[in-house]
*Asks:* 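Below you'll find the structure I mean.
These numbers come from a predicted model, not from an experiment. Just so you know, these numbers use all the heavy atoms, side chains as well, and skip hydrogens, waters and symmetry mates.
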Amino acid sequence: MKSILVNWYCCRVVLLLMLIAGAVCSANGTECIAPAKPGGGFHITCELVQQGLQQTHAAVGPLSISYMPGGIGAVAYNAIITQRNAEPNTLIAFAGGSLLNIAEGKFGKYTEHDVKWLAAFGIDYGVLMVRADSPFTSLQQLVAALKKQPGKLVFGHDGTVGGPDWMKVTLLAHAAGVDYKSIRFVGFEGSGEANIALTGGYVDVVSTDVSEAVSLIRSGSPVRILTVFSDRRLPGQLNGVPTAKESGYDVQWSHIRGVYMGPKVPEVDYQRWVTIFNKMLSRPEFIRLRNEHGLLPFNKTGAQLDIYVHDMMKQYRRLAGQPGLVTVLPEAAQLNNK
């Protein structure tokens, strides 16, 4: 009991220090919070905002990136709503997976109505990635191995059972006629940890997204992308990677990346940021940065994004608890039809 109390106290102290540090950072300039450990998609989102503002809105001033891991975004979501809800220069990264987790109740009592959705600026597609020295050079080879011995391969992913990266593999297994319950999954707190586990040889395959895979490849990490869960081949550097559909498995997965703000941020500050992002998204400098990060265009801010998020949440809630029963999720279908 004493050990439990000590651990509980330590966790409370750590969270308090994180909140205090974030408040100080926000008071001194603009802060982008990545609600996970460094190296994953949330970090990439904040990095893109940081670089985009530097190149298109230098007058905004410096933007710092901080990290608030826990609950795959739940800790940051709760902290912003309850502790830091009126900070006018604090942006928090989110993705389509965040919306799925909210729909599944993984963020506690808070819903999509409890924050201000600010801007979305890119589409990220799901991928399966292996080490460069992996014996698997195609999705067909990987699926063949799954069918033969589904419990032998270890899949790493960001999050928990029911999360986006887990569901990509589950949907693929369903399309291939493999019982997803027989597959070995290892969940990590953030894609950065999953990617480290892959390159270190602790997992065989990682379910992740294009932006994170591109970041690894740019850094020189020895990885190979087996497939992308898009309706057609992606332009640019991943044009040589076949889609899952091309390989015989009609599975698509895409989601948006963007930022939100606290619920009590003054409307004048919220609209100021809407204007800033509208201008940033139209600038060629930002378009180039987005391409370099492997994201496709998706520009929605303010009221437009709010409507989109609430519409997507209705669809996610209808699908929550039904992994393996569908092969195309609504967000993928909507984005691919644009």
*Asks:* Between Thr243 (side chain) and Arg233 (backbone), is there a donor-acceptor pair under 3.5 Å?
*Replies:* no
*Asks:* Test your reading of the model: is there a side-chain donor-acceptor pair from Asp114 to the backbone of Thr111, 3.5 Å cut-off?
*Replies:* yes
*Asks:* What distance do Asp179 atom CG and Lys147 atom NZ have between them, rounded to the nearest 0.5 Å?
*Replies:*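 The CG atom of Asp179 sits 13.5 Å away from the NZ atom of Lys147.
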*Asks:* Please round to the nearest 0.5 Å and tell me the distance separating atom OG1 of Thr30 and atom CG of Leu63.
*Replies:* 5.5 Å
*Asks:* Linking I/L/V/M/F/W/Y whenever any side-chain heavy atoms sit under 4.5 Å apart, do Met280 and Met261 land together?
*Replies:*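 Result: yes, single cluster for both.
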*Asks:* Per the side chain to side chain contact (heavy atoms under 4.5 Å, CB included) rule, which among Ile183, Val205, Val186 passes with Val154?
*Replies:* Val186
*Asks:* Heavy atoms, side chains only, cut-off 4.5 Å: are Lys245 and Tyr249 in contact?
*Replies:* no
*Asks:* Between Val265 and Pro88, what is the shortest heavy-atom contact and its length?
*Replies:*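 Closest heavy-atom pair between Val265 and Pro88: CG1-CA, 4.1 Å.
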*Asks:* Please verify the inter-ring angle class for Phe277 with Phe121; under 30° counts as parallel, over 60° as perpendicular, anything in between as tilted.
*Replies:* parallel
*Asks:* Kindly give the heavy-atom pair with the smallest separation between Phe286 and Thr56, and that separation in Å.
*Replies:*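 Nearest pair, atom of Phe286 first, then Thr56: N-CG2, 4.4 Å.
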*Asks:* May I ask you to say whether Asp209 pairs ionically with Arg257, meaning some side-chain N is under 4.0 Å from a carboxylate O?
*Replies:*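 Salt bridge: yes.
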*Asks:* Check Asn101 against Gly163 and note the closest heavy-atom contact, atom names and distance.
*Replies:*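 Taking every non-hydrogen atom into account, OD1-CA, 4.3 Å.
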*Asks:* Are His157 and Phe185 close enough that some pair of their side-chain heavy atoms sits under 4.5 Å apart?
*Replies:*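 The answer is yes, as the side chains (C-beta and beyond) meet within the 4.5 Å cut-off.
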*Asks:* Do Ser134 side-chain atoms and Phe136 backbone N/O form a donor-acceptor pair below 3.5 Å?
*Replies:*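 Judged by distance alone, yes, a pair lies under 3.5 Å.
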*Asks:* Using a strict threshold of under 4.0 Å (side-chain N to carboxylate O), is an ion pair present between Arg288 and Glu285?
*Replies:*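 Salt bridge absent between Glu285 and Arg288.
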*Asks:* With respect to Tyr77, which candidate in Phe94, Tyr260, Tyr110, Phe42 satisfies the ring pair (Phe, Tyr, Trp, His ring centres under 6.0 Å) definition?
*Replies:* Tyr260
*Asks:* Are the side chain of Glu212 and the backbone N or O of Gly41 linked by a donor-acceptor pair below 3.5 Å?
*Replies:*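 Indeed, once roles are kept as given, a pair shorter than 3.5 Å links the two residues.
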*Asks:* Assigning hydrophobic clusters by single linkage (Ile, Leu, Val, Met, Phe, Trp, Tyr; side-chain heavy-atom cutoff under 4.5 Å), is Val251 placed with Leu238?
*Replies:*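 Yes; Leu238 is reachable from Val251 via cluster members.
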*Asks:* Among Asn195, Val203, Ile72, whose side chain to side chain contact (heavy atoms under 4.5 Å, CB included) with Phe188 holds?
*Replies:* Val203
*Asks:* Find the distance between CD1 (Ile80) and CD (Glu87) and round it off to the nearest 0.5 Å.
*Replies:* 6.0 Å
*Asks:* Just by modelled atom types, is the Glu292 backbone N or O under 3.5 Å from a matching donor or acceptor in the Arg218 side chain?
*Replies:* yes
*Asks:* Does Phe229 form a side chain to side chain contact (heavy atoms under 4.5 Å, CB included) with Lys168? I'd like the steps, not just the answer.
*Replies:* CA-CA 8 Å; Phe229 294 116; Lys168 296 168 196 172; 4.0 Å; yes
*Asks:* Between Asp133 and Arg131, is there a salt bridge with N-O shorter than 4.0 Å?
*Replies:*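 Looking at Asp133 together with Arg131, the answer is yes, because their closest N to O distance falls below 4.0 Å.
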*Asks:* Checking Asn239 side chain against Pro235 main chain: does a donor-acceptor pair fall under 3.5 Å?
*Replies:* no
*Asks:* Would you say that Val206 contacts Val223 through its side chain, given a criterion of any heavy-atom pair below 4.5 Å between the two side chains?
*Replies:* no
*Asks:* Closest heavy-atom contact between Leu289 and His293?
*Replies:* O-ND1, 2.9 Å
*Asks:* Pro164 versus His255: any side-chain heavy-atom pair under 4.5 Å?
*Replies:* no
*Asks:* Checking Thr227 against Val127 for the side chain to side chain contact (heavy atoms under 4.5 Å, CB included) test, could you report, in this order, the C-alpha distance in whole Å, the side-chain angles of both residues, the deciding distance, and whether it holds?
*Replies:* CA-CA 6 Å; Thr227 192; Val127 300; over 6 Å; no
*Asks:* Would you compute the distance between atom OG of Ser254 and atom CG of Leu296 and round it to the nearest 0.5 angstrom?
*Replies:*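 The distance works out to 9.5 Å.
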*Asks:* Any side-chain heavy-atom pair from Val60 and Trp273 closer than 4.5 angstrom?
*Replies:*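 When only atoms from C-beta onward are counted, Trp273 and Val60 do touch, with a gap below 4.5 Å.
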*Asks:* Before giving the answer on salt bridge (Lys or Arg N to Asp or Glu O under 4.0 Å), spell out for Glu267 and Arg272 the whole-Å C-alpha distance, their side-chain angles and the decisive distance to 0.1 Å.
*Replies:* CA-CA 8 Å; Glu267 186 65 15; Arg272 172 173 59 88; over 6 Å; no
*Asks:* So Ile225 and Val210, do their side chains get closer than 4.5 Å, heavy atoms only?
*Replies:* no
*Asks:* If you draw a 6.0 Å radius around NZ in Lys116, do more than 12 non-hydrogen atoms from other residues or ligands fall strictly inside?
*Replies:* yes
*Asks:* Just do the side chain to side chain contact (heavy atoms under 4.5 Å, CB included) check on Arg224 and Leu226 with the steps written out, would you?
*Replies:* CA-CA 6 Å; Arg224 176 190 303 135; Leu226 289 184; 4.1 Å; yes
*Asks:* Nearest 0.5 Å please: distance from the CG atom of Leu118 over to the CD atom of Gln271.
*Replies:* 9.5 Å
*Asks:* Can you tell which of Thr45, Ile123, Asp124, Leu48 makes a side chain to side chain contact (heavy atoms under 4.5 Å, CB included) with Ser211?
*Replies:*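 Output: one option passes, namely Asp124.
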*Asks:* As an exercise, state the distance from OG1 of Thr301 to CG of Asp306, rounded to the nearest 0.5 Å.
*Replies:* 11.0 Å
*Asks:* Looking only at non-hydrogen atoms, find the nearest pair between Leu153 and Ala145 and report the distance.
*Replies:* CD1-CB, 4.1 Å
*Asks:* Only counting residues at least two apart or in another chain, list the ones meeting side chain to side chain contact (heavy atoms under 4.5 Å, CB included) with Glu112.
*Replies:*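 Listed in chain order: Ile102, Trp117, Val309, His310, Met313, Arg317.
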*Asks:* Tell me whether the rings of His43 and Tyr67 are parallel (<30°), tilted (30 to 60°) or perpendicular (>60°).
*Replies:*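 Because their plane-to-plane angle is under 30°, the rings of His43 and Tyr67 count as parallel.
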*Asks:* Can you tell if the side chain of Asn299 reaches within under 4.5 Å of the side chain of Arg290, non-hydrogen atoms only?
*Replies:* yes
*Asks:* Write down the atom of Thr208, the atom of Met129, and the distance for their closest heavy-atom approach.
*Replies:* CG2-CE, 3.8 Å
*Asks:* Does a donor on one side chain sit under 3.5 Å from an acceptor on the other, for Gln50 and Gln54?
*Replies:* no
*Asks:* Any sub-3.5 Å donor-acceptor pair from Ser207's side-chain atoms to Asp165's backbone N or O?
*Replies:*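 Yes: the side chain of Ser207 pairs with the backbone of Asp165.
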*Asks:* Shared ILVMFWY cluster between Ile33 and Ile44, side chains joined below 4.5 angstrom?
*Replies:* no
*Asks:* Starting from Val214, can I reach Ile196 by hopping between I/L/V/M/F/W/Y residues whose side chains sit under 4.5 Å apart?
*Replies:*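 No, Ile196 and Val214 fall in different hydrophobic clusters.
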*Asks:* According to a 4.5 Å side-chain heavy-atom criterion applied to Ile, Leu, Val, Met, Phe, Trp and Tyr, with indirect links allowed, do Tyr125 and Leu142 form part of one hydrophobic cluster?
*Replies:* yes
*Asks:* If you apply the rule side chain to side chain contact (heavy atoms under 4.5 Å, CB included), what do you find for Leu172 with Leu128, and how did you get there?
*Replies:* CA-CA 10 Å; Leu172 175 65; Leu128 290 184; 3.6 Å; yes
*Asks:* For Thr137 and Gln141, which I'm curious about, is there any donor-acceptor pair between the side chains at under 3.5 Å?
*Replies:* yes
*Asks:* Side-chain contact test, heavy atoms from C-beta onward, threshold under 4.5 Å: evaluate it for Ile92 versus Val259 and give yes or no.
*Replies:* no
*Asks:* Identify whether the distance between the nearest side-chain nitrogen and carboxylate oxygen of Glu246 and Arg232 falls below 4.0 Å.
*Replies:* no
